[in-house]
Amino acid sequence: AGDGDVDGVPDQVETTYLVMVTVWNRELIDLGWRQPVADTSSPDNGGDGMKLGLLTAALPRLSLARTAEWAAGNGFDMLEVACWPAAGGERRRYAGVSHIDVTRVDVDVVHALLQRHRLEISSLAYYPNNLHPVASERRAANDHLKQVIDAAAKLGVPTVGTFVGRDKGKNVADNFKEFRKVWPRLVTYAEDRGVKIAIENCPMIFSNDEWPGGTNLATTPAVWDEMFSIIPSPSFGLNLDPSHLVWLMIDYERVVRDYASRILHVHAKDLEIDRDGLYRHGTLSLGMGWQVPRLPGLGEVRWGRFIAALY
């Protein structure tokens, strides 16, 4: 990714994301869960409370160095760093964003950058379809995920965030047959290198391209229970996003209580249910026509209760 203008990012997606994380940071300060940071040269960039970060994939025009500069200057403590293949072939937003090229990571350069801005990496991010129905696509995703895990081990990053994946044309039981072929060895690979895998819970169905099943299996407590019964390793857990639970009408506070030991990382996104759209399309549309992504605080997640449950 090239260097954009940190103070006025021209891309609309980037600008929206910068507004989102700035507003969210201020909300947490107002709630008392974070302290304001006036000087990023101070030894403590965020106090003793929650460590808040951002996913760098939303800033494809900025280099890692410029992203780190902006994040530190706005009081963030962490980065979840995008590690897609530099020439990503997936047809989805942010595919190909590679703020760290895991095929030739320079550990000293990355560590020096983090130290300069007093930041840490919470996770390396790569969210493909790891159960892709096309064998070559699945193999490419699995192989690159292993490279991301290797990079995390070299960098001392504890977690890699990804999707389980799904064959959208198969039911849950048949997808679990594929899960058993792929995921035990991937988790073992990570565990052997001291890295944990955090599975994001987005259903990944937004259009007819993902119909009818979506491209991520790991979306509900029933599925998580089966996943964790197959792979009981503590190195395998959730990258929990409450916005998807609103969409699926699942109690996100109860999820935090029931799966506390499996929550390795958290994404802060919000969602609004368009009641007129729900009336027109019904729940069997799987959210199409009525689930509306929102900035944190502008949707239906009660953030005070969600964060209190995490604590």
Side-chain angles (χ1 to χ4, degrees), residues 1-31 33-84 93-94 97-102 105-127 148 151-152 155-161 198 200 239 241 264-270 295-297 303 307:
D3 278 359
D5 181 356
V6 171
D7 295 321
V9 184
D11 183 87
Q12 183 177 4
V13 172
E14 295 173 8
T15 304
T16 300
Y17 193 77
L18 297 184
V19 171
M20 178 187 76
V21 293
T22 301
V23 170
W24 179 232
N25 195 25
R26 289 171 181 165
E27 283 189 8
L28 291 178
I29 290 170
D30 290 343
L31 287 169
W33 277 304
R34 285 178 54 78
Q35 297 298 314
V37 178
D39 181 3
T40 59
S41 66
S42 67
D44 188 349
N45 191 21
D48 296 328
M50 173 183 294
K51 291 188 175 182
L52 186 68
L54 59 92
L55 174 56
T56 70
L59 304 174
R61 297 189 185 188
L62 300 188
S63 67
L64 181 62
R66 298 299 293 277
T67 299
E69 176 188 349
W70 184 91
N74 283 274
F76 291 91
D77 310 303
M78 292 282 192
L79 298 175
E80 182 181 7
V81 181
C83 294
W84 271 261
R93 187 181 294 171
Y94 312 140
V97 180
S98 184
H99 281 123
I100 291 178
D101 183 348
V102 297
V105 59
D106 190 322
V107 174
D108 291 338
V109 168
V110 174
H111 283 171
L113 175 65
L114 296 172
Q115 185 174 17
R116 182 161 66 251
H117 294 292
R118 302 193 182 279
L119 294 169
E120 299 174 64
I121 297 176
S122 64
S123 173
L124 298 187
Y126 175 51
Y127 296 93
V148 176
L155 290 164
V157 174
T159 306
V160 167
E200 229 271 8
N239 186 358
D241 185 332
L264 305 178
H265 200 269
V266 171
H267 277 169
K269 299 198 294 294
D270 215 331
L295 306 182
W303 289 102
I307 294 171

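Any value given below was found using the heavy atoms of this structure, including those in side chains, with hydrogens, waters and symmetry copies removed.
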Look at the aromatic rings of Trp84 and Tyr126 and report parallel, tilted or perpendicular, splitting at 30° and 60°.
perpendicular
Considering only heavy atoms from C-beta outward, does the side chain of Thr159 approach that of Asn239 to under 4.5 Å?
no
Output a table of donor-acceptor pairs, distance under 3.5 Å, between side-chain atoms of residues 108-115 and any protein atom two or more places apart or on a different chain; print 'none' if there are none.
| residue | atom | partner | partner atom | Å |
| --- | --- | --- | --- | --- |
| His111 | NE2 | Leu155 | O | 2.9 |

Please report the closest heavy-atom contact between Thr56 and Ala82, naming both atoms and the distance.
OG1-N, 2.9 Å
Where Ala152 and Val160 come nearest, the two heavy atoms and their spacing:
CB-CG2, 3.8 Å
d(Lys51 NZ, Glu120 CD) to nearest 0.5 Å is 3.5 Å
Is there a donor-acceptor contact under 3.5 Å linking the side chains of His265 and Ser123?
no
Any residue meeting side-chain hydrogen bond (donor to acceptor under 3.5 Å, both in side chains) with Asp241, in chain and number order, not counting sequence neighbours
Ser243, His244, Lys269
Test item: His99 side-chain N/O and Leu62 main-chain N/O as donor-acceptor pair under 3.5 Å
yes
Nearest heavy-atom contact between Leu55 and Ala125 is CD1-CB, 3.6 Å
Looking at Cys83 and Val148, what are the two nearest heavy atoms and their distance?
O-CG2, 3.8 Å
Looking at His117 and Thr67, would you say the former's side chain and the latter's main chain have a donor-acceptor pair under 3.5 Å?
no
Please report the shortest heavy-atom distance between Ala268 and Pro296, naming the atom on each side.
O-CG, 3.5 Å
List the steps and the verdict of side chain to side chain contact (heavy atoms under 4.5 Å, CB included) for Leu59 and Leu54.
CA-CA 10 Å; Leu59 304 174; Leu54 59 92; 4.1 Å; yes
